[in-house]
Amino acid sequence: MDVLAAMGVFVRVAELGSLSAAGRDLNLSQPAVSQKVSALERHLGVRLINRTTRQVALTEAGRTYYARARPVLAAVDEAAELVAGADAPLRGHLRIQAPTGFGQMYLADIAIAFQLAHPGLTTELMLDDRYVDLTEQAVDLAVRFGTLRSSGLVARRLGTLRRILVAAPAYLARHGTPGTPEELSAHRQVRFSWAATDDSMPLTGPAGPLHVAVQTSFLANNTFVLTKALVAGLGLGGAQLPQIRAELATGKLVQIMPAYQYAPLEVHAVFPTSHFLPAKVRAFTDHLKSALSEII
């Protein structure tokens with residue numbers, strides 16, 4: 001029996017909580033996954049998982065084995081890369097996760113260019129505005145905006161996104177152009193649905209941070225949808241400057257109150273572990289940082 005291969009299958013079963021999910025992730029049939037885990041259990045002489053019709057649960061021995069198996073697999077990958085040398089072609093599966101709007105507008109081209117330069121890789125780009133569990137989803141690298149949650153993830157700063165207040169000329173023609181934070185309160189805003197639940201608009205001005213109460217007219221969890229709402233004149237709102245440059249250039253949107261802006265968004269690449277970053281992840285992170293330096 002190939003113990004390392006069986007160990008790798010067991011680790012994915014433990015992380016995904018399902019034999020079928022692990023099979024889909026590893027391109028194996030569910031019976032093949034079950035056979036490999038059963039063979040590993042026979043080899044070890046202990047039961048690692050309790051099986052039900054829909055999911056699996058780790059036994060105490062399974063939890064202990066999983067905690068030790070993950071660093072072992074990482075060490076094997078690290079040793080293989082060290083032996084292969086820095087000039088070895090990049091191979092394997094690279095899974096990247098990022099917010100939808102940013103991914104569609106910028107990251108898709110960046111990832112495609114990286115894949116063209118490294119044809120031995122299989123690159124997968126997952127676009128989702130939710131924070132996914134990197135370990136559970138086997139994500140090698142995720143792009144995150146804003147303050148990082150304390151989650152044990154390792155991060156590398158990629159840059160800063162500037163966010164400005166904008167509105168459509170047609171909206172301003174109907175409702176007037178605000179010149180002070182107090183005047184903003186008479187307007188309606190377009191904002192992300194996952195932002196703060198109240199209708200306050202968090203801004204930074206010459207006197208420092210402030211919150212302005214502005215009634216919300218439209219919410220969405222997608223950058224492109226929000227840009228459409230702003231262009232349609234549903235309200236004013238904050239937008240990431242790189243993502244509305246075309247609208248500003250064509251006059252579909254105009255900046256208002258330039259002395260007041262949203263706090264800049266820090267952009268990070270985050271990884272599920274600090275012990276070992278595969279060469280493919282290090283190379284893509286360098287490529288990503290270089291590409292974003294020309295955008296943000």
Side-chain angles (χ1 to χ4, degrees), residues 97-108 125-133 137 142-149 151 160-205 209-268 270 295-296:
Q97 187 270 334
T100 304
F102 182 81
Q104 290 176 323
M105 184 165 287
Y106 296 113
L107 196 54
L125 182 56
M126 302 167 54
L127 300 182
D128 195 329
D129 289 315
R130 299 171 300 171
Y131 272 29
V132 302
D133 186 306
Q137 299 297 322
V143 177
R144 297 275 170 86
F145 292 164
T147 303
L148 294 176
R149 301 173 181 176
S151 59
T160 303
L161 276 174
R162 184 181 167 205
R163 297 184 293 170
I164 63 174
L165 274 171
V166 296
Y171 172 85
L172 297 175
R174 292 194 306 269
H175 301 282
T177 301
T180 66
E182 292 74 20
E183 292 176 1
L184 278 175
S185 298
H187 289 264
R188 306 189 76 189
Q189 68 168 323
V190 170
R191 66 176 176 87
F192 270 103
S193 54
W194 48 254
T197 55
D198 61 24
D199 284 333
S200 66
M201 183 178 284
L203 300 174
T204 299
L210 70 158
H211 284 73
V212 182
V214 182
Q215 185 179 356
T216 299
S217 65
F218 189 86
L219 303 95
N221 65 350
N222 180 274
T223 300
F224 289 116
V225 174
L226 291 174
T227 300
K228 283 180 175 292
L230 287 167
V231 170
L234 294 185
L236 47 76
Q240 298 165 13
L241 181 57
Q243 296 188 354
I244 58 164
R245 284 199 176 107
E247 286 76 15
L248 291 173
T250 57
K252 292 181 179 179
L253 292 174
V254 295
Q255 184 178 5
I256 58 174
M257 295 175 56
Y260 295 87
Q261 300 182 11
Y262 284 77
L265 275 178
E266 293 292 315
V267 184
H268 291 89
V270 297
I295 299 171
I296 62 177

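Fair warning: this is a prediction, and the values are worked out from it, not measured in the lab.
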Practice task
Applying side-chain contact (heavy atoms from CB on, under 4.5 Å), run through Ile244 and Ile164 and close with a yes or a no.
Solution key: CA-CA 10 Å; Ile244 58 164; Ile164 63 174; 4.2 Å; yes
Practice task
List the steps and the verdict of side-chain contact (heavy atoms from CB on, under 4.5 Å) for Tyr260 and Val212.
Solution key: CA-CA 11 Å; Tyr260 295 87; Val212 182; over 6 Å; no
Handout entry: From CA spacing to verdict: side-chain hydrogen bond (donor to acceptor under 3.5 Å, both in side chains), Thr160, Glu266
Key = CA-CA 5 Å; Thr160 303; Glu266 293 292 315; 3.1 Å; yes
Handout entry: Val254/Val166 under side-chain contact (heavy atoms from CB on, under 4.5 Å): CA gap, chis, key distance, verdict
Key = CA-CA 5 Å; Val254 295; Val166 296; over 6 Å; no
Problem - Thr216 and Arg188: CA distance, side-chain angles, deciding distance, side-chain contact (heavy atoms from CB on, under 4.5 Å) verdict - result: CA-CA 5 Å; Thr216 299; Arg188 306 189 76 189; over 6 Å; no
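Partners of Thr180 under the side-chain hydrogen bond (donor to acceptor under 3.5 Å, both in side chains) rule, at least two apart in sequence or in another chain, are Glu182.
Aromatic ring centres of His187 and Tyr171: separated by under 6.0 Å.
In summary, the side chains of Arg162 and Gln240 do not present any donor paired with an acceptor at a separation below 3.5 Å, with no hydrogens or angles considered. Side-chain polar atoms of Thr100 and Asn222 form no donor-acceptor pair below 3.5 angstrom.
When all heavy atoms of Ala229 and Val190 are compared, the closest pair comes out as CB-CG1, 4.0 Å. A pairwise comparison of heavy atoms in Phe145 and Tyr131 identifies O-OH, 3.3 Å as the closest pair. Taking each heavy atom of Ala167 and Leu236 in turn, the nearest pair found is CB-CB, 3.8 Å. Residues Leu172 and Pro178 come closest through the heavy atom pair CD2-CD, 4.2 Å. Looking at every heavy atom in both residues, Pro169 comes nearest to Gly251 through CG-O, 3.3 Å. Contact record, Leu248 with Leu253: CD2-O, 3.4 Å, taken as the closest heavy-atom pair.
Side-chain contact check for Arg191 versus Asp199: some heavy-atom pair is nearer than 4.5 Å. In this structure, Val225 and Phe218 have side chains that are in contact, with non-hydrogen atoms separated by less than 4.5 Å. Two residues are said to be in side-chain contact when any heavy atoms from C-beta on lie closer than 4.5 Å; Met201 and Tyr262 meet this criterion. Side-chain contact between Thr204 and Gln261 is absent, with no heavy atoms from C-beta onward closer than 4.5 Å. Taking 4.5 Å as the limit, every side-chain heavy atom of Asn221 sits out of range of all side-chain heavy atoms of Leu226. Side-chain atoms of Leu184 and Leu203, non-hydrogen and from C-beta on, do get closer than 4.5 Å to each other. Residues Arg163 and Leu265 are in side-chain contact: their nearest non-hydrogen atoms beyond the backbone lie under 4.5 Å apart. Two residues are said to be in side-chain contact when any heavy atoms from C-beta on lie closer than 4.5 Å; Met105 and Pro242 fail this criterion.
Of the possible donor and acceptor atoms, one in the side chain of Ser185 sits under 3.5 Å from a partner among the backbone N and O of Ala213. Using a distance-only test at 3.5 Å, with no hydrogens or angles considered, a donor-acceptor pair links the side chain of Ser217 to the main chain of Leu234. For the pair Gln189 (side chain) and Gly237 (backbone), a donor-acceptor distance under 3.5 Å is absent.
Leu161 CG to Leu241 CG: the interatomic distance, rounded to the nearest 0.5 Å, is 9.0 Å. With rounding to the nearest 0.5 angstrom, the OG1 atom of Thr223 is 3.5 Å from the CZ atom of Phe192.
Crowding of Arg174 atom CZ: a count of heavy atoms from other residues, nucleotides or ligands under 6.0 Å exceeding 12.
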